[in-house]
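Just so we're on the same page: letters track the sequence lines, and every chain starts at 1.
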Amino acid sequence: MFSVKIYDISNSDIAWCPGCGNFGILNELKTAFSELELSPNQVVIVSGIGQAAKMPQYVNVNMFNGLHGRTLPVATAIKLVNPSLIVIAESGDGCTYGEGGNHFIHTIRKNPNIVNIVHDNMIYGLTKGQASPTTPKGVKTTLQFDGVFVDPFNPIAVAVALNASFVARTFMGYTDLTIELIKKAIKHRGYSLIDILQPCVTFNKYNTYQWYKENTYILPEDYDPTDRKTAFEIAMDTEKLALGLIYLNESKEVYEDFQPRIELF
Amino acid sequence: MFSVKIYDISNSDIAWCPGCGNFGILNELKTAFSELELSPNQVVIVSGIGQAAKMPQYVNVNMFNGLHGRTLPVATAIKLVNPSLIVIAESGDGCTYGEGGNHFIHTIRKNPNIVNIVHDNMIYGLTKGQASPTTPKGVKTTLQFDGVFVDPFNPIAVAVALNASFVARTFMGYTDLTIELIKKAIKHRGYSLIDILQPCVTFNKYNTYQWYKENTYILPEDYDPTDRKTAFEIAMDTEKLALGLIYLNESKEVYEDFQPRIELF
Amino acid sequence: MKDKKIFSIVLSGAAGQGIQTVENLFTQIAKESGYNVYATKEYMSRVRGGNNSTEILISSKPVRSFRKKIDLLVVLNNNAIERLRDRISDNTIIIGEKNFVSKEKNSIPISLLEISNSLGSSIYANAVAVGILSGIINAEKTVIDEVIYEYFKEKGEEVIDNNLKAIIKGYEIGKQLNINFQIEKNGYVKKHMLLNGSQAVAKGAISGGCNFISSYPMSPATAVFTELAKASKKYNIIVDQAEDEIAAANMAIGAWYAGARAIVSTSGGGFALMEEAISLSGMIETPIVVHLGQRPGPATGLPTRTEQGDLDLVLYAGHGTFPRIIFAPASLEEAYYLSAKAFNFADKFQVPVFVLTDQYLLDSFYNVEYLPQIQVERYIIKTTKDYKRYEITESGISPRGIPGYGEGVVRVDSDEHDEFGHITENPKVRVDMVNKRMRKLNEILKEVIQPVLFGDENYEYLFISWGSTSQILKEAIEELDIEKVAMIHFPQVYPLPKETENYLSKAKKVVFVEQNVNGQFANLIRREFGIDTSNRILKYDGFPFSVENLKEKIKEAL
Amino acid sequence: MKDKKIFSIVLSGAAGQGIQTVENLFTQIAKESGYNVYATKEYMSRVRGGNNSTEILISSKPVRSFRKKIDLLVVLNNNAIERLRDRISDNTIIIGEKNFVSKEKNSIPISLLEISNSLGSSIYANAVAVGILSGIINAEKTVIDEVIYEYFKEKGEEVIDNNLKAIIKGYEIGKQLNINFQIEKNGYVKKHMLLNGSQAVAKGAISGGCNFISSYPMSPATAVFTELAKASKKYNIIVDQAEDEIAAANMAIGAWYAGARAIVSTSGGGFALMEEAISLSGMIETPIVVHLGQRPGPATGLPTRTEQGDLDLVLYAGHGTFPRIIFAPASLEEAYYLSAKAFNFADKFQVPVFVLTDQYLLDSFYNVEYLPQIQVERYIIKTTKDYKRYEITESGISPRGIPGYGEGVVRVDSDEHDEFGHITENPKVRVDMVNKRMRKLNEILKEVIQPVLFGDENYEYLFISWGSTSQILKEAIEELDIEKVAMIHFPQVYPLPKETENYLSKAKKVVFVEQNVNGQFANLIRREFGIDTSNRILKYDGFPFSVENLKEKIKEAL
Ligand SMILES: Cc1ncc(C[n+]2csc(CCOP(=O)(O)OP(=O)(O)O)c2C)c(N)n1
Ligand SMILES: Cc1ncc(C[n+]2csc(CCOP(=O)(O)OP(=O)(O)O)c2C)c(N)n1
Ligand code: SF4
Ligand code: SF4
Ligand SMILES: [Mg+2]
Ligand SMILES: [Mg+2]
């Protein structure tokens with residue numbers, strides 16, 4: 001196991017609020033890297049714009065901190081060009097499911113071998129608290145004064161509907177589960193979605209640490225993620241959110257396998 | 001019943017290929033309008049760009065022939081501003097599920113009371129035959145010389161996953177079914193998707209009239225569209241495509257009901 | 001004018017420490033006490049921590065521009081002073097926690113926290129600060145009561161009382177500091193409104209009949225979106241938080257088509273995504289009003305800073321060629337007026353209309369005497385059976401109908417089209433339609449918002465500016481008060497009136513002052529009038545010009 | 001040069017009637033028979049029906065521009081003649097079905113269908129047409145055999161034989177028509193390549209080391225996408241049909257970041273969606289090559305027609321300010337060369353590079369003597385542990401590493417950043433980084449592709465053009481052959497070399513020739529050099545200039 005320290009960035013002033021769930025994800029990610037013994041130059045984190053998207057600023061690996069909403073096309077291209085890299089597309093719920101929604105659905109179809117980590121705080125953090133696609137109905141925000149009145153986006157159900165190859169959800173407060181899922185996703189061949197529930201202590205006063213604990217459950221050990229119907233039923237349940245690997249489809253072909261290899265150096 | 005003629009455009013030279021499925025849809029649409037006795041100035045057809053998107057050029061109602069991929073935001077806005085209009089967003093599979101994919105998923109969430117008619121010929125017609133999001137795997141096209149190698153987009157499954165309020169599929173060759181569904185969708189309060197299977201006789205030599213007949217079935221009369229699980233199971237079946245109203249959710253709130261009414265004239 | 005008295009207070013601390021609350025409360029108290037007030041802030045792209053600052057100017061005559069000088073610095077965290085080092089002079093008094101300020105020359109250690117704690121909780125530190133400042137400026141106590149009541153009224157009496165107590169405590173301390181503060185009060189200021197740039201734009205939009213906003217959040221343009229959302233119920237404004245900027249722009253155009261008066265509020269990066277829609281607006285002659293709050297690019301750049309780097313962006317936005325109108329207000333009054341006017345122009349000329357602001361202007365507060373009610377002009381007609389949406393007219397403007405109003409059908413088409421809106425490939429019709437659309441430029445010029453001259457009318461040196469920079473330039477020129485020196489501000493930066501050339505050709509030397517790296521307005525002037533525009537004062541570090549800085553630059557340029 | 005002999009054939013019919021097959025086969029036969037060949041087409045935005053036409057010029061000396069005149073018109077459907085009326089002269093011979101042509105002066109009724117049917121099926125009509133044309137130009141029969149074999153070889157012997165029979169049948173008819181055709185053959189032409197603009201761009205890209213294309217279909221740019229997809233296996237090119245243009249552009253940038261040489265091919269409306277990505281490329285200094293095939297806007301406009309209306313679009317694309325390079329080829333050789341060069345420049349200067357073509361150029365075919373192999377220049381370095389992606393250098397260019405190559409990590413950031421790519425809000429670092437990026441413009445100018453002068457070097461009248469229009473202008477000037485008249489073509493339209501000014505200031509009168517409504521290049525020249533650019537010959541009906549038309553315009557301008 002590598003030391004987690006090798007992923008530290010020197011003198012970096014972390015711009016998140018004290019108590020923010022992003023700190024936990026940062027540690028979980030670095031721990032997963034170290035447990036998998038990934039050397040920094042082997043990994044690329046592609047992020048968008050938002051609080052979550054600041055992640056690679058604090059991890060000493062290759063970084064592509066691009067545009068809001070555009071993690072997935074960039075990550076897909078990097079993987080196509082150099083399949084030996086481990087490519088993580090990481091960003092917020094707004095970035096991935098809002099601005100980037102079209103890439104989300106079509107990247108699932110393409111199925112490149114990348115890991116898509118979504119920090120799902122159910123809010124637009126960096127722009128100060130507007131509703132994101134996953135904000136629950138009724139929640140009041142800095143823009144939705146009378147509460148959100150549209151149904152939240154269900155990323156898990158959509159991913160299952162599109163027959164994605166690896167669909168997981170976790171809560172950042174469950175460190176072991178989260179590390180395990182990140183590792184599994186990295187080892188899985190194909191597009192892997194990990195929707196990580198994350199409190200935004202500043203702007204989302206509804207989906208708190210407590211709320212996540214009370215409104216989630218961890219899938220049992222013997223849960224079989226390969227049955228799509230069951231996975232969809234689980235995904236449909238938005239009262240009690242299932243955590244773990246919800247759907248796994250290992251028969252899906254990987255995008256880069258259909259493309260020529262190009263010479264890089 | 002109004003005469004279908006009132007929807008005719010004088011001297012219009014229809015730009016579709018002889019034998020194209022779009023002709024059937026044109027007739028079905030006009031018939032539905034006439035059976036519902038809609039006066040031309042009451043209806044707006046919003047379309048994008050593509051062969052399907054030429055539709056409103058041939059129908060004498062209000063027309064907003066906008067940009068490729070952007071039917072749904074425009075249609076939603078028109079409905080918000082003037083809820084007394086009947087608003088149809090009509091375009092191709094590429095326009096709606098490709099370029100417009102993000103609007104597709106988020107408009108379902110907003111649930112404005114509009115009808116979304118998608119001419120699904122499983123190909124990019126106007127640009128001469130490249131794969132569309134719904135082109136079946138393996139089909140060779142004018143760009144995918146070795147056949148398409150990504151999974152097709154499943155609009156029905158995604159719409160059900162997003163708990164859309166009205167999800168239907170039909171084949172334009174089945175005139176009565178199609179007219180009936182268009183009428184139902186217009187009368188339904190909320191976002192209604194009608195994915196209309198349509199042959200492109202010039203560029204899609206795989207999904208022919210014959211193919212559609214052989215690979216579809218009409219849902220039985222007693223089918224209950226209100227059960228989401230069943231609807232999803234039906235949507236998952238891509239071997240034999242179900243036709244009819246696949247999913248109906250009448251409890252969904254309508255977007256314009258949450259918005260103020262503005263004075264127009 | 002040279003003897004204008006200004007007292008400059010700067011508050012500096014981390015995001016989340018409540019500087020904004022202090023700014024809000026104190027500027028209101030100062031204004032209600034009869035002072036001219038100006039406040040502007042700069043902040044990092046983070047929600048907590050880091051270092052932000054707010055400058056508050058108290059003055060006898062109206063002052064509305066950023067100043068470098070600091071008379072009183074209130075520091076709330078430890079690295080505040082280092083960031084502001086080059087603005088601290090020998091006369092700057094520094095207040096703050098002992099360990100933050102002790103090394104400084106004119107420092108007065110005061111522990112806001114201790115005082116607050118002595119009142120029972122640490123949460124009153126901001127109120128104490130408000131009190132100290134209020135004491136220094138000798139604010140009216142009844143005013144304080146009112147402001148605090150208004151601000152906290154929804155939180156209940158206890159909160160009001162406790163905060164008031166903290167303020168009074170601070171007030172006494174402030175008085176005892178005996179800081180040399182010699183600004184006169186003016187009764188009339190009390191009647192003024194205190195607002196910021198975002199509010200001015202939003203109020204302007206409402207005055208212009210705006211009843212639809214669709215946008216996607218983006219700094220610094222979000223505040224205009226929020227202000228309109230707040231006003232939604234009172235003024236019947238449809239509010240849509242779109243899934244992305246493309247949707248937002250297409251919705252706005254759809255809304256105009258259906259008869260609404262719609263705006264989008266965005267910044268450069270978000271606007272870059274709207275360009276295809278702008279071209280659509282140009283083609284189908286369905287208007288759109290765009291508020292673009294500029295921030296430094298390229299790409300994400302400095303998301304919470306200021307720049308005037310997106311003039312070229314809006315000037316050339318969209319493929320193909322079509323007329324457009326671009327406004328760039330210098331002041332809050334202008335922001336209000338032009339934002340209203342934007343809707344009337346959009347409706348009349350059926351083109352995209354831009355209101356170009358920037359972070360600096362949007363976040364600047366001051367007291368404003370009066371915002372006139374603007375007449376909402378509507379140009380929608382009731383259609384007849386044979387209605388032609390694109391009737392060829394001499395002015396290029398075709399009467400605009402909306403669906404459902406009248407017997408006709410309204411058919412708009414993003415393809416080239418004939419008078420009925422029907423798709424065409426006829427080259428003659430094409431040329432007629434291009435010419436028709438382009439003719440609207442002449443009509444727009446007939447009603448152009450004229451450039452404004454300020455300074456010596458017999459100028460030899462002419463400084464040229466646009467947008468928020470003009471206000472700073474104006475105060476610099478006013479204070480320098482040098483003969484033969486003048487400036488022109490362009491509230492409308494496109495299209496430009498012919499008269500511009502006369503203005504410029506009269507000068508011996510023309511100098512452009514802009515907040516961008518390439519002098520985009522200077523380039524436009526050169527493109528339009530061919531004159532030498534090589535003298536340029538440019539700044540692009542993300543911070544506005546200060547009046548002092550510009551005064552020096554002007555002197556160098558003479 | 002004035003006596004250049006050209007025989008102009010125009011084929012006209014509905015979409016789907018097979019004009020393209022005739023064009024393909026006949027141009028090859030003509031070329032292989034030793035004629036200089038040129039072909040260009042115009043077509044409606046539909047797949048079947050309507051009216052399209054192809055012009056084929058057969059000449060003794062190379063001819064590469066659209067001509068208005070028609071020597072021989074072959075009509076395949078009924079409204080063809082009306083659409084071409086103003087190009088039909090007293091000398092035009094018209095061939096076609098009796099009921100289409102009978103009312104015309106020099107008409108020869110021939111029923112292709114009847115002849116085809118007499119051979120057993122109606123599907124040989126096109127082959128008969130090819131035969132007739134081949135007979136008229138006295139093509140070599142062995143050549144016909146070869147061309148037909150190549151074309152149909154995958155369809156089997158029967159198809160080959162039947163088509164050959166039909167062609168021979170047509171050939172005999174063509175000979176018997178005794179049409180006055182007096183063009184000389186040149187043996188060397190046989191060694192030439194016959195290709196069109198799309199192929200030239202694609203071949204150029206491949207020569208420039210392109211190994212990645214991500215695009216979304218859009219006329220007229222799709223053909224370049226298709227050509228590269230065809231070459232994917234042979235040259236190892238990764239091909240991605242993206243979900244939208246935003247994805248395409250971001251993928252291309254991601255691909256460059258990872259070490260590929262990527263291109264996107266699009267048109268104005270698609271490009272409008274890529275602007276945020278262009279700004280990203282500018283900021284993170286990760287290149288992108290964009291092929292933009294222009295068509296008339298705004299919005300959907302005339303999707304299958306031609307225009308040069310998107311120079312402003314690419315010149316100012318993206319928010320914020322950063323360097324870029326814009327090429328605009330006039331000929332197929334230049335399209336090839338500049339498309340290759342685009343990749344070397346992109347790699348070297350780490351900026352967005354544009355290749356600006358248009359429908360007319362992309363759809364123009366002719367024989368080209370030679371396309372040189374271009375040296376692929378790579379500038380990627382192997383990183384060390386302490387690698388700084390944005391090292392401040394004198395040239396502004398920082399050595400570019402890629403992930404996984406070397407010990408270092410490669411960190412790019414769309415926010416303003418320090419040398420390591422780490423996000424910063426430090427105003428000094430900001431200014432250093434802006435200056436660093438902008439310095440690259442000087443480096444680019446050191447290697448600028450120089451403008452090309454043609455005509456009388458002691459000119460008084462100077463015509464200026466860019467892109468495909470330059471080729472037409474060149475032939476017009478060549479044929480007019482008037483003293484004191486010259487032209488300059490700009491293969492690189494941005495940035496412009498200082499020398500431009502000298503060229504222009506030498507002329508008594510400068511006239512800009514462009515295919516857009518506002519004279520975008522003239523505006524750029526005026527912006528850059530301040531000279532008078534008010535003399536402009538502009539066209540914007542969706543069709544290219546003809547040589548004849550330009551000759552007249554030139555004479556008027558003298
Ligand atoms: C094109 C574009 N639109 C809008 C923005 C402004 N913006 C920055 S972050 C953000 C939302 C972030 O929300 P999310 O992705 O959920 O991340 P979080 O901050 O909550 O972690 C937005 C709208 C932008 N940078 N670019
Ligand atoms: C932004 C943009 N990108 C691309 C195009 C080019 N384009 C026009 S139609 C079309 C595809 C049409 O396919 P579909 O929507 O399935 O309609 P169909 O022609 O098959 O009916 C494309 C890619 C465009 N007009 N605008
Ligand atoms: S605003 Fe919310 S998501 Fe952002 S850093 Fe603060 S707590 Fe975390
Ligand atoms: S190309 Fe296909 S979809 Fe388009 S008109 Fe022809 S048959 Fe119909
Ligand atoms: Mg979020
Ligand atoms: Mg289609």
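- In this structure, the portion of C:Arg378 lying under 4.5 Å from any heavy atom of chain B is its side chain and not its backbone.
- For a residue to count as touching a neighbouring chain, one of its non-hydrogen atoms must lie under 4.5 Å from one of that chain's; by this rule C:Ile284 touches chain B with the side chain only.
- Proximity to chain C is limited to the backbone of B:Arg261, based on heavy atoms less than 4.5 angstrom apart.
- Here the closest heavy-atom approach between residue C:Val376 and residue C:Gly208 is recorded as CG2-C, 3.9 Å.
- To the nearest 0.5 Å, atom CG of residue C:Asn211 and atom CD1 of residue C:Ile206 are 10.5 Å apart.
- In this pair, B:His68 and B:Tyr124 present their aromatic rings perpendicular. The plane angle is above 60°, beyond the 30 to 60° band.
- Only the side chain of B:Lys110 comes within less than 4.5 Å of a heavy atom of chain C; its backbone N, CA, C and O stay farther away.
- The line from NE2 of B:His188 to OH of B:Tyr191 is 11.0 Å long, rounded to the nearest 0.5 Å.
- Contacts between B:Gln57 and chain C at a heavy-atom distance below 4.5 Å involve backbone atoms as well as side-chain atoms.
- There is no contact between B:Glu256 and chain C, counting heavy-atom distances below 4.5 Å.
- To the nearest 0.5 Å, atom CG of residue B:Leu26 and atom CE of residue B:Met55 are 5.0 Å apart.
- Residue with the most contacts toward chain B among C:Ala242, C:Gly259, C:Ala258: C:Ala258 (heavy-atom pairs, distance under 4.5 Å).
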Check against side chain to side chain donor-acceptor pair (under 3.5 Å), B:Asp93 and B:Ser132 = CA-CA 7 Å; B:Asp93 45 334; B:Ser132 89; 2.6 Å; yes
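- With a threshold of 4.5 angstrom between heavy atoms, B:Ile49 approaches chain C through side-chain atoms but not through N, CA, C or O.
- Looking at B:Asp13, neither its backbone nor its side chain comes within 4.5 Å of chain C, counting heavy atoms on both sides.
- Chosen from C:Ala255, C:Gly406, C:Pro403, C:Ser214, the residue pairing most often with chain B at heavy-atom distances under 4.5 Å is C:Pro403.
- When each of B:Ile105, B:Leu85, B:Asn82 is scored by its heavy-atom pairs under 4.5 Å with chain C, the top score falls to B:Leu85.
- Of the two parts of B:Val59, only the backbone, made up of N, CA, C and O, holds a non-hydrogen atom closer than 4.5 Å to a non-hydrogen atom of chain C.
- Closest non-hydrogen pair, B:Thr142 versus B:Lys128, comes out as OG1-O, 2.7 Å.
- For B:Tyr255, the part sitting under 4.5 Å from any heavy atom of chain C is the side chain, from C-beta outward, and nothing else.
- In the model, B:Asn163 has a side-chain atom that pairs as donor or acceptor with a side-chain atom of B:Asn249 under 3.5 Å.
- Annotation: C:Phe271 is in aromatic contact with C:Phe354 [ring centroid separation under 6.0 Å].
- Ranked by non-hydrogen atom pairs under 4.5 Å with chain C, the options B:His106, B:Arg109, B:His103 are led by B:His103.
- Counting heavy-atom pairs under 4.5 Å between each of C:Ile380, C:Thr286, C:Ile237 and chain B puts C:Ile237 at the top.
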